[in-house]
Amino acid sequence: MHGRGMGFMVDGNLQGLNILIVEDNIHFRTLLTTILKHGGVSEIREVDNGDDALEVLQGFNADLAIVDWKMEGMDGLECVRRIRRDTPLEAEWRKIPVLMVSSKAGGTLPAMARDAGVNDLLPKPISPRTLIGALIEVLERPTAFIDSSAYVGPDRRRIQQDFGGMEKRTESLSV
């Protein structure tokens with residue numbers, strides 16, 4: 001977890017969290033902010049584009065980002081890719097959980113979002129229960145963070161299974 005560790009959420013109370021909202025629609029941004037404030041979120045920063053999000057993250061101790069998919073200029077997928085890949089390795093915020101919201105959450109978007117490094121994709125319109133539930137799920141059950149030449153972001157595997165063979169990602173082969 002980026003700032004405070006895992007002990008801040010009790011019974012869905014989000015007190016102590018810092019959240020960045022990246023959404024170009026002022027009405028939806030206001031809805032997200034209202035839901036999060038009622039959930040007890042301590043500090044919320046709002047921006048309406050990906051470039052500003054990258055700038056804010058350099059000085060804001062965000063625990064999570066909520067990013068819209070479709071925005072003018074840099075879209076949400078590119079914003080997440082840049083958070084994950086173009087951030088210095090020592091910057092903790094490159095690993096922050098990211099929830100993506102979209103009115104078109106079907107088709108190829110879920111796979112594209114996972115490949116960009118998104119933790120979860122939420123369809124619009126969104127209910128308070130759905131948003132808070134997704135936030136708690138991502139923060140209280142974090143997945144491993146993968147940092148390789150091919151992918152940077154949360155582990156994309158949805159089901160963890162026992163594998164009987166040699167794990168090639170962690171063990172070297174003798175030749």
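Just so it is clear, the model here is predicted, and its values are computed rather than measured. Position 1 is the first residue of the sequence; numbering continues from there.
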Under the side chain to side chain contact (heavy atoms under 4.5 Å, CB included) criterion, do V56 and Q58 qualify, and how do the steps go?
CA-CA 5 Å; V56 166; Q58 293 179 41; over 6 Å; no
Evaluation steps, side chain to side chain donor-acceptor pair (under 3.5 Å), between Q15 and S42:
CA-CA 6 Å; Q15 189 171 3; S42 294; 5.6 Å; no
Between atom CZ of R82 and atom CE of M74, what is the distance when rounded to the nearest 0.5 Å?
4.0 Å
Joint hydrophobic cluster, V152 plus L121, side-chain heavy atoms closer than 4.5 Å
no
R84 with D115: basic N within carboxylate O range, under 4.0 Å
no
Can you list the steps and then say if L99 with L64 is a side chain to side chain contact (heavy atoms under 4.5 Å, CB included)?
CA-CA 8 Å; L99 295 178; L64 182 131; 4.2 Å; yes
Specify the closest pair of heavy atoms between W69 and D75, including all atoms of both residues, with the distance to one decimal.
O-CB, 3.3 Å
Side chains of L14 and I136 in contact at under 4.5 Å (non-hydrogen atoms):
yes
NZ/NE/NH1/NH2 to OD/OE distance under 4.0 Å, D147 and R94:
yes
Nearest-0.5 Å distance that lies between atom NZ in K37 and atom CD1 in I35:
12.5 Å
Provide the closest heavy-atom pair for G117 versus P154 in the form atom of the first, atom of the second, distance.
O-CD, 3.2 Å
Looking only at heavy atoms, the pair that brings D120 and A134 closest together is OD2-CB, 4.1 Å
Donor-acceptor pair, side chain of D63 and main chain of N18, under 3.5 angstrom
yes
Scanning both residues in full, the closest heavy-atom pair of G50 with M71 reads N-CE, 4.1 Å
Say you draw a straight line from CG of L36 to CG of L131; how long is it, rounded to the nearest 0.5 Å?
5.0 Å
For a quick test of reading the model, state the closest non-hydrogen atom pair linking V67 to G76 and the distance between them.
CG1-CA, 3.6 Å
Rounded distance [0.5 Å steps], CG in D24 versus CG in D52:
11.5 Å
Does any non-hydrogen side-chain atom of N119 lie less than 4.5 Å from one of R114?
no
Are L135 and I19 packed together at the side-chain level, in the sense that at least one heavy-atom pair is separated by less than 4.5 angstrom?
yes
Is there a path of hydrophobic side-chain contacts, each under 4.5 Å between heavy atoms, that joins V98 and F145?
no
Run the side chain to side chain contact (heavy atoms under 4.5 Å, CB included) test on N61 and W93 for me, step by step, so that the C-alpha distance in whole Å, both residues' side-chain angles and the decisive distance to 0.1 Å come before the verdict.
CA-CA 8 Å; N61 192 22; W93 54 269; over 6 Å; no
With rounding to the nearest 0.5 Å, note down the distance linking CG in D48 to CD1 in I21.
12.5 Å
For R29 and E23, indicate whether the former's side chain and the latter's backbone hold a donor-acceptor pair under 3.5 Å.
yes
The test is side chain to side chain donor-acceptor pair (under 3.5 Å); show your working for T130 and S127 and say whether it passes.
CA-CA 5 Å; T130 301; S127 71; 2.8 Å; yes
Separation between CD1 of I83 and CG of L20, rounded to the nearest 0.5 Å
7.5 Å
Which heavy atom of V22 sits nearest a heavy atom of N49, and at what distance?
CG1-O, 3.6 Å
Any chain of hydrophobic side-chain contacts (each under 4.5 Å) joining I66 to L139?
yes
Would the number of heavy atoms belonging to other residues, nucleotides or ligands and lying under 6.0 Å from CD of E78 be above 12?
yes
Less than 4.0 angstrom from a charged side-chain N to a carboxylate O is my criterion; do K124 and D68 meet it?
yes
